[in-house]
Amino acid sequence: MAYWLMKSEPDVYSYDDLVREGEGTWDGVRNHLAAQHLKAMQVGDQALFYHSNIGKEAVAVMTISGAAIPDPTEPEGTRWVAVKVKPLRKLSRSIPLAVIKGEPRLAEMAMIRQSRLSVSPVRDSEWAVLMELASENGG
DNA sequence: GCCAACGTTGGC
DNA sequence: GCCAACGTTGGC
């Protein structure tokens with residue numbers, strides 16, 4: 001199972017919106033590297049839901065419920081893709097970007113190294129650190 | 001609101 | 001094929 005981090009501006013689409021929907025389609029990705037990551041996702045993978053711009057924090061964990069399909073917001077024939085996601089759990093403590101940046105063990109995270117990438121992989125070791133930061137008694 | 005990073009477009 | 005101009009993302 002792989003781990004990911006996916007960004008969304010909460011005033012456009014927030015974690016609460018996903019909870020309300022039950023299952024969401026992660027579409028609108030228009031970056032080739034991000035799209036590559038979408039294609040690599042498998043059902044059962046887990047992803048951090050990160051609120052960009054407003055909040056700037058990871059707020060929840062979701063699970064990939066459907067592998068890559070042609071992006072329904074694009075006309076047929078284009079190669080952009082979307083995946084299906086379902087909410088899993090809200091983090092006990094959300095993880096602000098500042099905390100991620102201040103954690104040396106997360107310095108190599110893809111989202112830190114390339115801040116504008118909206119879909120990025122998270123290593124197992126990084127995931128463990130993030131979950132530690134998100135727990136009530138960890139850190 | 002500003003600006004850095006990055007991608008895309010178009011002139012040459 | 002290079003590179004300047006421009007648009008977008010997203011942090012500050």
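Convention: sequence-line order gives letters A, B, ...; per-chain numbering from 1.
- With sequence neighbours left out, A/A110 forms a side-chain contact (heavy atoms from CB on, under 4.5 Å) with A/S120, A/P121.
- Legend: residues meeting side-chain hydrogen bond (donor to acceptor under 3.5 Å, both in side chains) with A/D17, ordered by chain and number and at least two apart, are A/S14, A/R20.
- For residues 84-109 of chain A, no pair satisfies ring-ring contact (aromatic ring centres under 6.0 Å, His included), with sequence neighbours left out.
- Shown here are the side-chain hydrogen bond (donor to acceptor under 3.5 Å, both in side chains) partners of A/K84, two or more places apart in sequence or in another chain: A/T25.
- A/L117 belongs to a hydrophobic cluster whose remaining members, ordered by chain and number, are A/L33; membership requires side-chain heavy atoms of ILVMFWY residues under 4.5 Å apart, directly or through intermediates.
- Applying the ring-ring contact (aromatic ring centres under 6.0 Å, His included) test to residues at least two apart or on different chains, none of the pairs has a partner in residues 93-125 of chain A.
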Determine all donor-acceptor pairs shorter than 3.5 Å in which one atom belongs to a side chain in residues 46-59 of chain A; sequence neighbours excluded.
{"from": "A/H51", "atom 1": "NE2", "to": "A/Y15", "atom 2": "N", "distance (Å)": "3.2"}
{"from": "A/E57", "atom 1": "OE1", "to": "A/S94", "atom 2": "OG", "distance (Å)": "3.1"}

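- In the helix from B/dG1-C/dC12 to B/dC12-C/dG1, the rotation axis of the first five pairs and that of the last five pairs differ in direction by 10°, rounded to 10 degrees.
- Chain A approaches DNA chain B over the interval B/dA5 to B/dT8, counting the first and last nucleotide 5' to 3' with an atom under 4.0 Å from its heavy atoms.
- Salt bridge present: A/E108 and A/R113 bring a charged side-chain N and a carboxylate O closer than 4.0 Å.
- Applying a 4.0 Å cut-off to non-hydrogen atoms, the residues of residues 2-15 of chain A that approach DNA chain C are A/K7, listed by residue number.
- Sequence neighbours left out, the pairs with a member in residues 106-127 of chain A that pass ring-ring contact (aromatic ring centres under 6.0 Å, His included) are A/Y3-A/W127.
- Listed by first then second residue, pairs satisfying ring-ring contact (aromatic ring centres under 6.0 Å, His included) with a partner in residues 85-107 of chain A number zero, not counting sequence neighbours.
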